[in-house]
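One-based numbering, in listed order, for ligands and for the atoms of each. The figures here come from the full heavy-atom set of this structure, side chains too, leaving out hydrogens, waters and symmetry mates.
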Amino acid sequence: MNICATDIKMEIGNNQILKGVSIDSKSREFIGIIGPNGSGKSTLLKCIYRTLKPNNGCIMLGRQDISKMSVKESAKKLAVVAQHNYYNFDFSVGEVVLMGRSPHKKSLEPDNSEDYDIVNESLEKVGMLGFKNRSFSTLSGGEQQRVILARALAQQTPCLILDEPTNHLDIKYQLSLLNIVKSLNLTIISAIHDLNIASMYCDRLFVMKNGRIVGMGTPQEVLTKEFIKEIYDIDVEIVYDSKGDMHILYSR
Ligand SMILES: Nc1ncnc2c1ncn2[C@@H]1O[C@H](COP(=O)(O)OP(=O)(O)OP(=O)(O)O)[C@@H](O)[C@H]1O
């Protein structure tokens with residue numbers, strides 16, 4: 001399923017945060033959104049996953065306009081791994097992941113053995129099955145992030161939105177999380193800070209600056225020495241290893 005956001009404008013207070021942003025992903029494409037702090041990446045993703053309602057523009061999931069879909073309907077198509085996840089109640093890890101099943105249930109329909117199997121499989125995939133009965137609030141930031149990914153996996157959606165998904169993760173789990181989501185072959189839009197990670201996993205990148213899209217293309221097309229200087233005001237070298245993979249080397 002493809003995702004297409006057209007001419008998204010978002011004003012909060014007197015601050016025009018998104019100034020007419022358009023991005024699109026083909027079905028099963030992994031899109032990265034990069035750009036400096038405060039450029040509007042999270043705000044754009046929040047518009048797509050419906051935490052914010054844009055002042056202008058249209059967001060389509062496949063052929064459906066999300067503003068015309070019920071929250072339950074869009075939750076069957078789009079799961080989210082956001083940066084911060086707080087619960088007001090002390091849920092267990094298993095209960096948090098089970099929440100991913102709720103879009104698939106009728107009201108008051110009890111959870112069944114298929115739901116519990118999906119919860120277990122999802123926790124297994126992120127290496128957190130042993131934590132199933134632990135209180136979510138007692139987990140480390142990285143462990144919580146992996147459980148939130150398991151909740152998204154349990155939602156079994158064709159599209160996934162990731163907002164800085166590797167924020168709290170050590171390098172092993174950064175790569176593990178991205179390998180898992182890549183292997184699912186879903187349509188993914190992810191805000192990513194690490195340019196090397198973006199180049200390793202993304203099919204295409206959109207570059208944001210000051211609430212606008214200022215560049216778009218494959219990692220090789222976008223992540224040039226000159227463009228990185230223009231966007232981040234830093235000096236880098238781009239090298240290619242023997243496998244042909246690109247690496248960005250930062251200078252002090
Ligand atoms: N609720 C809000 N009220 C006022 N300003 C906001 C609000 N939410 C975001 N902003 C501002 O909008 C701009 C874009 O924020 P956003 O979080 O989308 O950027 P970002 O590119 O995701 O940044 P980062 O890389 O630091 O996570 C920032 O200047 C931020 O301060």
Side-chain angles (χ1 to χ4, degrees), residues 3-25 30-59 66-67 71 74 78-86 88 140-142 144-146 148-149 152 159-171 173-174 177-178 181 187-217 219 222-223 227-236 248 250:
I3 304 173
C4 184
T6 310
D7 198 21
I8 305 300
K9 293 181 184 159
M10 185 72 217
E11 194 173 308
I12 303 182
N14 285 330
N15 194 358
Q16 186 77 42
I17 296 170
L18 301 177
K19 300 166 182 159
V21 171
S22 298
I23 67 165
D24 66 287
S25 72
F30 195 144
I31 296 288
I33 303 186
I34 61 169
N37 288 144
S39 54
K41 303 178 296 294
S42 291
T43 305
L44 173 64
L45 295 181
K46 283 177 186 160
C47 290
I48 297 174
Y49 65 78
R50 304 183 79 180
T51 292
L52 290 174
K53 194 169 186 302
N55 304 111
N56 185 75
C58 170
I59 296 162
I66 58 159
S67 68
V71 171
S74 57
L78 187 81
V80 181
V81 179
Q83 286 192 34
H84 305 289
N85 296 282
Y86 301 112
N88 289 329
S140 75
Q144 289 190 349
Q145 197 71 339
R146 284 151 61 198
I148 295 303
L149 175 63
C159 305
L160 191 57
I161 301 291
L162 308 170
D163 191 356
E164 272 300 312
T166 57
N167 235 357
H168 294 286
L169 302 181
D170 68 38
I171 187 66
Y173 282 111
Q174 287 187 32
L177 181 143
L178 288 160
V181 297
T187 306
I188 298 172
I189 300 184
S190 177
I192 300 182
H193 272 301
D194 186 315
L195 301 181
N196 280 309
I197 294 259
S199 81
M200 278 169 77
Y201 289 96
C202 296
D203 299 311
R204 279 191 302 147
L205 300 175
F206 285 84
V207 188
M208 288 192 74
K209 194 165 186 181
N210 296 328
R212 296 181 199 283
I213 299 292
V214 294
M216 186 268 282
V222 168
L223 296 174
F227 196 50
I228 292 173
K229 174 78 177 170
E230 189 185 323
I231 298 299
Y232 293 98
D233 194 24
I234 56 164
D235 294 308
V236 299
I248 297 149
Y250 301 107

Colleague: Closer than 4.0 Å to some heavy atom of Asn37 - which atoms of ligand 1 meet that?
Modeller: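 Every atom of ligand 1 under 4.0 Å from some heavy atom of Asn37: 23 (O), 24 (P), 25 (O), 26 (O).
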Colleague: Decide yes or no for Asp194 and Thr166: does some side-chain heavy atom of the first lie under 4.5 Å from some side-chain heavy atom of the second?
Modeller: no
Colleague: Using a distance threshold of 4.0 Å (strictly less than), state whether atom 30 (C) of ligand 1 has a protein heavy-atom neighbour.
Modeller: no
Colleague: Might you point out which heavy atoms bring Phe227 and Val222 nearest each other, and give the distance in Å?
Modeller: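 In this case the closest contact between Phe227 and Val222 is CD2-O, 3.2 Å.
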Colleague: Looking at every non-hydrogen atom in both residues, tell me the closest pair between Glu11 and Gln16 and how far apart they are.
Modeller: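 Answer, listing the atom of Glu11 first, then Gln16: OE1-OE1, 3.0 Å.
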Colleague: Taking all heavy atoms of Val80 and all of Leu160, pick out the closest pair and write down the distance.
Modeller: N-CD1, 4.5 Å
Colleague: For Lys41 versus Gly35, what's the shortest heavy-atom pair and its separation?
Modeller: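 Heavy-atom minimum between the residues: NZ-O, 2.9 Å.
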Colleague: Using a 4.0 Å heavy-atom cut-off, say whether Met208 meets ligand 1 through its side chain, its backbone, both or neither.
Modeller: neither
Colleague: Do you know which two heavy atoms are closest between Asp24 and Arg204, and how far apart they sit?
Modeller: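 That would be O-NH2, 3.0 Å.
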Colleague: Please report the shortest heavy-atom distance between Lys209 and Ser39, naming the atom on each side.
Modeller: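 Shortest heavy-atom contact: CA-CB, 3.8 Å.
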Colleague: Would one find an N or O of Gly35, backbone or side chain, under 3.5 Å from an N or O of ligand 1?
Modeller: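 N/O-N/O distance under 3.5 Å: no.
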Colleague: Tell me: protein heavy atom nearest atom 13 (C) of ligand 1, and distance?
Modeller: Gly38 O, 3.6 Å
Colleague: Would a search of protein heavy atoms around atom 19 (O) of ligand 1 find one under 4.0 Å away?
Modeller: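 There is a protein heavy atom less than 4.0 Å from atom 19 (O) of ligand 1.
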Colleague: Which residue and atom name correspond to the protein heavy atom nearest atom 3 (N) of ligand 1, and how close is it?
Modeller: Ile12 CG2, 3.3 Å
Colleague: Nearest protein heavy-atom contact for atom 9 (C) of ligand 1: which residue, which atom, what distance?
Modeller: Ile17 CD1, 3.9 Å
Colleague: Just verifying a value: how many Å separate Ile23 CD1 and Ile33 CD1, rounded to the nearest 0.5 Å?
Modeller: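 Reported to 0.5 Å precision, the distance equals 4.0 Å.
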Colleague: Do me a favour and list the nearest non-hydrogen protein atom to atom 15 (O) of ligand 1 with residue, atom name and distance?
Modeller: Thr43 OG1, 3.7 Å
Colleague: As an exercise, identify every atom of ligand 1 less than 4.0 angstrom from a heavy atom of Ser42.
Modeller: 17 (O), 18 (O), 20 (P), 22 (O)
Colleague: Checking contacts here: is it the side chain or the backbone of Pro36 that comes within 4.0 Å of ligand 1, counting heavy atoms only? Could be both or neither.
Modeller: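 Within the 4.0 Å criterion, Pro36 contacts ligand 1 through backbone atoms alone.
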Colleague: If the contact criterion is a heavy-atom separation under 4.0 Å, does Gly13 count as touching ligand 1?
Modeller: no
Colleague: Under a 3.5 Å cutoff, is there a donor and acceptor pairing between the side chains of Ser42 and Asp163?
Modeller: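 Looking only at side-chain atoms, Asp163 and Ser42 do form a donor-acceptor pair, the distance falling under 3.5 Å.
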Colleague: In ligand 1, which numbered atoms sit nearer than 4.0 Å to a non-hydrogen atom of Lys41?
Modeller: 18 (O), 19 (O), 20 (P), 21 (O), 22 (O), 23 (O), 24 (P), 25 (O)
